[in-house]
Structure formats: C-alpha cells, structure tokens
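Notes follow once the structure below has been shown.
Convention: sequence-line order gives letters A, B, ...; per-chain numbering from 1.
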Amino acid sequence: MIKHRPVPASLDDPLYYLENMDILVAWVANHHADLLTEQERNRLAAFSGLATGPRALLTRMVMRTGELFRADKLRYPELPVPESEALRTLVQAGWLDPAPELSLDDLFRLFTLAELRPEFADWLQQQGHPKTLGKARMRELLAEPFNAPRALGAWLPGGGEASTVVRLQDMALFDRIRLMFFGNLRQSWTDFVLVELGVQQFESVPFTPASRAFQQRAEVDCYLQMHQCRERLENGEPAVDVWPDVPGPVDNPWLASRRDRLLLELGRQAERQGERELALEVLENSGHREAQLKQLRLLERMKRFEEAWAIACQWQATELSDAEAQGLSRLLKRLAPKVGADQPEPVDNPPLQEFTLTLPKPDTGTVELAALQHLGTDDAPVFYVENTLINALFGLLCWPVIFQPLPGAFFHPFHIGPADLTREDFVARRQQAFEQRFRLLGTGAYRREILDTYKNKQGIANPFVFWPVLDEALLELALHCIPSGHLEALFRRLLNNIKEHRSGFPDLIRFVPDAEQPEQRYEMIEVKGPGDRLQDHQVRWLQFFARQGIPASVCYVRWQDDEARG
DNA sequence: ACCGCCCACACAAGA
DNA sequence: AATTCGACCG
DNA sequence: TCTTGTGTGGGCCGGTCGAAT
Ligand SMILES: [Mn+2]
Ligand SMILES: [Mn+2]
C-alpha cells in the first residue's frame, strides 16, 4: 500500500523513533529525490539498507545534539544488538569517524570537570593556578596554550583508554532532509512523538504527494546557507565576516523575506559593532520595513541629512502601510528642519480615550490584573485577553479557509497553519472563501458557527487560536456583546496585514451584557503601568478603534504609595 | 509558520 | 549542600 | 520635562537525571 501521508509510529514500539526516521527518509527519497545529489541519494539508500541495530543507534545520535559522542554515553537497551557491535558496523560503513580530532571546547563538552582535572593538574600547578578552578575558568586558561585539535588519546593519555569518542559524519544530510520534509529547521523528529503523546494536535489537511516546501535544490541550499549565517551571528562572529556569505537577492518571495530579516539582524549587529558603513549597506539591501527605517535613522545619526531626506521623501511617495507611515512621519518631522524644508503637515490622528487609576500596589500579580480587579463587577466582568480573543473569534469563524488545502499550503502532517500565512498573496488566494465566511456575520449564523467550531476543533492547533485562554462562557459573552459589524471591521483589518495586525490588541475587555445600546456592551482597555508606554502597533489599533467607533481606552495606573512621594 | 514573536520594563540621548 | 541548568526522553 | 530609540528578559510538553556552581 502506498502511503499518502506519513503517520507517526506508535510509542508501544520500543524502536518507535527508528520507524519515524524510516518514514521520513522514505518520504524524502520518494518525493524529493530530484532535489538530492546522486551521492546523497546513495547515502540515504545505504542508510535504509543498514541492519536494525546500527540504523537505530545512528538515528539516536542524529536526534541528539552535536556530532560528537562518547561511546560509553550511548546506552540504548532497546537495541537488538550490543551498542559496541552497532558502533563497529557504523564505523565500517563510514557513518562514524572512530578517532576524530577534538578541539579543547569539544573535549570540555564531552568530559566532566572531575575527569578533566587530573589531566591538567600538573600544568595548571606549574602556572601557579589553584586546584579548585571551575570548568569555565579552566577552559579559558587552557584555550591559548592548547588551541590545536588532537585525537582523544593525545588529550587524555592517562584515563582516555576507558572511553572512545566518535564523530557523526553525515549530520548535514540529515539536517537537509529534515528541512525538505518540514520546510523549516525548527521542527524536528520530536514533532512525531508529541503528536503520538497527544501533546500537540494538528488539523488533518489533505495534501498531494507532489506538494512540498521546495521546488529546486538551489532554494534548499539558499535556506541552509542563510541559516548558517544566522547561527554564526548568534555565536558572536563579527558582521563583517558573515556578510560576504549571505546569498544574493532571490526571486522566491518566501526566501526573499527570510533574507530581509537576516539582513536586518546583520545590520543591527554591524551597527552595534561600530561598522556603520557596513550597516548602511546591509540595511539598504533588506526590504524589511524596520531595516529601511533603521537605515534612515543611522544616516540621521551620521548627520547625512540630505541623503536620508531624499530616501525618505521617495519612500513616502509610495503606497504606505500604517506602520510605515507612522515610522516615516516621525523621521520626516526630525529631518525637515535639518534640510531647511517645511515641517510636513501633521496627520490628523483621532484622539484616544484615556483615564487614570490610582491603585494600591499589589504584593503579587501584574498591573493588568490589578486594573482588572478594580474595574470588574458582577454586571460588567473584565477579562485579560490581549490578542487572544479577537484572534480566536477570527480563527474559529474562518477555520475552513485557513485550512483550505491549496497547493503549497500544506505538505506534512504537522502544520500549525498554512505555509503561506504571512505571504503577500495569502488573502488574495482565498478571497472568495473569506467573503463567504464574512457573510455569516450578516446573517447571524456566525455565532453558531464559531461555537460549533470551538467544540469540534477543541485543542487542534490554529495560528489564531490559543486554546488555554478560551472557554465557552467567554465566547458566548463576546458574541453577545460585540456587534457583528465591529467584528467584521476588526477581521478585515486583521486580514489587511496579518503579520502586523494580529497583535497590539488591548490588555482587557470589559463586557456589559445588559447595556441598552448594543454598541455599548463592551469596551477594550489597554493598561499602562508607571514607566510603560503605548507601543506603535497598539497605537495603530487604538486609532483604528477610534475611527470606527469601537469602544476602547487607555488606562494609566499610578501606585498609591508612589503618589505620596511624587 | 521560520532562534522568533509578544509583551513590559530599563536606560540613554536629544530637544 | 542545595540549587540551578540543560540534555534527553516519551 | 517630553519624546524617541534601543536593549533586556520570560515563555514556549512535562518529568528525570547528571553536572556545575
Ligand atoms: Mn499587555
Ligand atoms: Mn498594557
């Protein structure tokens, strides 16, 4: 029987992890063979040809961190053969290097302080260091004099024979197939297990065997190369050294936006490392909004006002998102006097509702909870929901649209949402389906629909639904109190830019189910403690609420004790 | 749905 | 000596 | 004083066990 969908192994099988690996390898060999080199295909075939014991042990190593392992730390009683025998086979078949060169760092990761201390005791004593050095300090001291890699026998001539260290040879290949299968490197073998355990549930969306994350090998290579760049940055490597290895501009929009984000991070690091010219170049090459703004701010700080002004003006002449307009107008306001231009006319932002509360400072709990306690009554209960409520109402109403089996949207059984969720054309590809769901808001059928979906899909992952904060009573209250016209306005803005508009909602929502006016049965409240301030995207939602007549306000909290002093 | 986001909070600098 | 941290596991 | 920018820290199954401080 041909498997159209990889199904995780039962955990009753003691070799469940091997079955999962076999499933993944077979899936890749069947559906991604054209993205592999001849050599890689042969290697995978050789893997599948290994006997159970060695294959299982190799899988265990692939699933663990790093490439180096002490043989005496590989203890897997479920194997059908002794570990030593499986190891021999793997060495003979070229999967393991039995005598790898180890750096000092490798050595210190593999062996404990107690094991290392006697080996370096004499040397440290000669240098006049105390015997009780910690592991990190000891490694620092040894780093320079012992910077050359050595085989284990040369590091530990005394006690070394008790232990062997092996190096996994083909980790890059296993990372590559994991990437091709999942379409990312954040998911892994453990996703199979979490599903079996019931910790995670994913919607079952049909996908054709032909649907996959990558169409060309060059795309996979590009992803892997950018991933390496990011890792190097995280390890503190200077931005100048990483920049030459960043792939050039790419056509694939998904990879292009990943590249934009990488360049933003690279630019940040460059700036922090004092490489201003590099930062400018890198940020200019990123299409990311924050990168563009950062480039302008850096020019401003370097007093290159004319340059910044020119770019900013050019940018402002294009179609701007709310966020761009917001960031750009702040810049233009500062730049105008520097270049002798007129102050740009201020955009007429609607005023926001505000009020101040003075509360006793609670010993425990957050400022949001303190405000909630104070504001909530039996007739007007208050909930601390932030983004979760509106997002959930949207996710539940539009469930079938979100999980519509479009080409390229789903390609393995472990998707939280469609792969193209934050891509430019996500909504356009589903416009009719969304409109159809929104029509339910006009007929009143949406309440039933949302509550039914809440019951039927309980616990199943959805990028808009955070299950632990929801319950039926909250949903019913929300559906009673929030007019459907408001919901439609909120949902349409959300769809307008999912990435930017799924967050920034106020902390609290207050329901007044018995209010006369249907428009006044609820109110959203953003709480700000002393020293906190509204974030940009919070302001943008609040301004939207104000323009739409959606009740919302900002609650500034002061602590009673501070006030006496202040 | 990309080791990233989504929040509050802390500190600095310039107007 | 007691606590914190992280790798590993199902 | 206000505004604005920037950097930080926590939390991501839950439990066990070894290692480090
Ligand atoms: Mn909040
Ligand atoms: Mn708040």
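- A:T112 has no side-chain polar atom (N or O) that falls below the 4.0 Å cut-off from OP1 or OP2 of D:dA19.
- A straight line from CZ of A:R60 to C1' of C:dC8 spans 9 Å, rounded to a whole angstrom.
- When heavy atoms are screened at a 4.0 angstrom cut-off, A:K338 is found touching the sugar-phosphate backbone but no base atom.
- Distance CZ (A:R139) to P (D:dT21): 9 Å, rounded to an integer number of Å.
- Between A:R334 atom CZ and D:dC2 atom C1' the separation is 14 Å, expressed in whole Å.
- Residue A:R272 places at least one side-chain N or O closer than 4.0 Å to OP1 or OP2 of D:dG7.
- Comparing C:dC9 with D:dT8, their P atoms sit 34 Å apart, to the nearest whole Å.
- For the C1' atom pair drawn from D:dG11 and C:dC5, the interatomic distance equals 16 Å after rounding to whole Å.
- Between the side chain of A:R533 and the base of D:dT4, a donor-acceptor pair under 3.5 Å is found.
- Rounded to an integer number of Å, the gap from CH2 of A:W189 to C1' of D:dC13 is 20 Å.
- Close to B:dC7, at under 4.0 Å from its OP1 or OP2, lies a side-chain N or O of A:H537.
- Taking the six-membered ring wherever Trp is involved, the centroid distance between the rings of A:F464 and A:F394 falls below 6.0 Å.
- Between D:dG5 and A:R330, a contact under 4.0 Å exists linking OP1 or OP2 to a side-chain N or O.
- OP1 and OP2 of C:dC8 both lie 4.0 Å or more from every side-chain N or O belonging to A:K73.
- Of the candidate nucleotides B:dG4, B:dA15, D:dA20, D:dA20 has the atom lying nearest to any side-chain atom of A:L113.
- Side-chain N/O atoms of A:K528 include none lying less than 4.0 angstrom from OP1 or OP2 on B:dC7.
- The nearest whole Å value for the distance from the CZ atom in A:R268 to the C1' atom in D:dT8 is 13 Å.
- At a threshold of 4.0 angstrom between heavy atoms, the contacts of A:G134 are confined to the sugar-phosphate backbone, with no base atom among them.
- Rounded to a whole angstrom, the distance from the C1' atom of C:dT3 to that of D:dC12 is 23 Å.
- Here D:dC13 is the nucleotide among C:dC8, D:dC13, D:dG7 with the atom lying nearest to any side-chain atom of A:L194.
- Taking only side-chain nitrogens and oxygens, A:Q535 comes nearer than 4.0 Å to OP1 or OP2 of B:dA8.
- Listed pair A:T366 / B:dA8 fails the phosphate criterion, with no side-chain N or O lying under 4.0 Å from OP1 or OP2.
- No side-chain N or O of A:R430 forms a donor-acceptor pair with one of A:Q404 less than 3.5 Å apart.
- Projected onto DNA chain B by closest heavy-atom contact, A:E368 and A:F414 fall at different nucleotides, the more 5' of which corresponds to A:F414.
- The aromatic rings of A:H501 and A:W541 sit perpendicular to each other, their planes meeting at more than 60°, with 30° as the lower class boundary.
- Closest approach to the A:R186 side chain among B:dC9, C:dC9, B:dC3 is made by B:dC3 (side chain taken as heavy atoms from C-beta onward).
- Under 3.5 Å, the side chains of A:E386 and A:T388 contain no donor-acceptor pair of N or O atoms.
- Spacing between atom CG of A:D191 and atom P of D:dC12 amounts to 17 Å, rounded to whole angstrom units.
- Out of B:dC5, D:dT4, C:dG10, the shortest distance to the side chain of A:R261 is found at B:dC5.
- At a cut-off of 3.5 Å, with distance as the only test, no side-chain donor of A:Y16 or A:E78 sits close to an acceptor on the other residue.
- Taking only side-chain nitrogens and oxygens, A:N387 never comes nearer than 4.0 Å to OP1 or OP2 of B:dC6.
- For A:E271, the side-chain atoms get nearest to D:dT6 when compared with the rest of D:dC13, D:dT6, C:dG10.
- For D:dG5, one of the phosphate oxygens OP1 or OP2 lies less than 4.0 angstrom from a side-chain nitrogen or oxygen of A:R297.
- Between A:Y76 and C:dC9 there is a side-chain polar atom (N or O) within less than 4.0 angstrom of OP1 or OP2.
- Considering only the side chain of A:E234, B:dG4 comes nearest among D:dA20, C:dG10, B:dG4.
- Phosphate contact (OP1/OP2 of D:dT4, side-chain N/O of A:R301, threshold under 4.0 Å): absent.
- Pairing partner, B:dC5: D:dG11, with both Watson-Crick or wobble hydrogen-bond distances short of 3.5 Å.
- Put simply, CG on A:L11 is 6 Å from C1' on C:dG10, counting in whole angstrom units.
- Taking atom CD of residue A:Q295 and atom P of nucleotide D:dT6, one finds them 13 Å apart after rounding to whole Å.
- Between A:H412 and A:F181, the ring planes lie parallel to each other; the angle is under 30°, not in the 30° to 60° tilted range.
- A sub-4.0 Å separation between OP1 or OP2 of B:dA8 and a side-chain N or O of A:Q538 is present.
- Comparing C:dG10 with D:dT6, their C1' atoms sit 42 Å apart, to the nearest whole Å.
- For the OP1/OP2 pair of C:dC9 and a distance below 4.0 Å, the side-chain nitrogens and oxygens of A:Y17 include no atom meeting the criterion.
- By the 30° and 60° cut-offs, the orientation of the rings of A:H227 relative to A:Y223 is parallel.
- In this structure, A:R212 forms no cation-pi arrangement with A:W27, as its terminal cationic atom is not both closer than 6.0 Å to the ring centre and no more than 45° off the ring axis.
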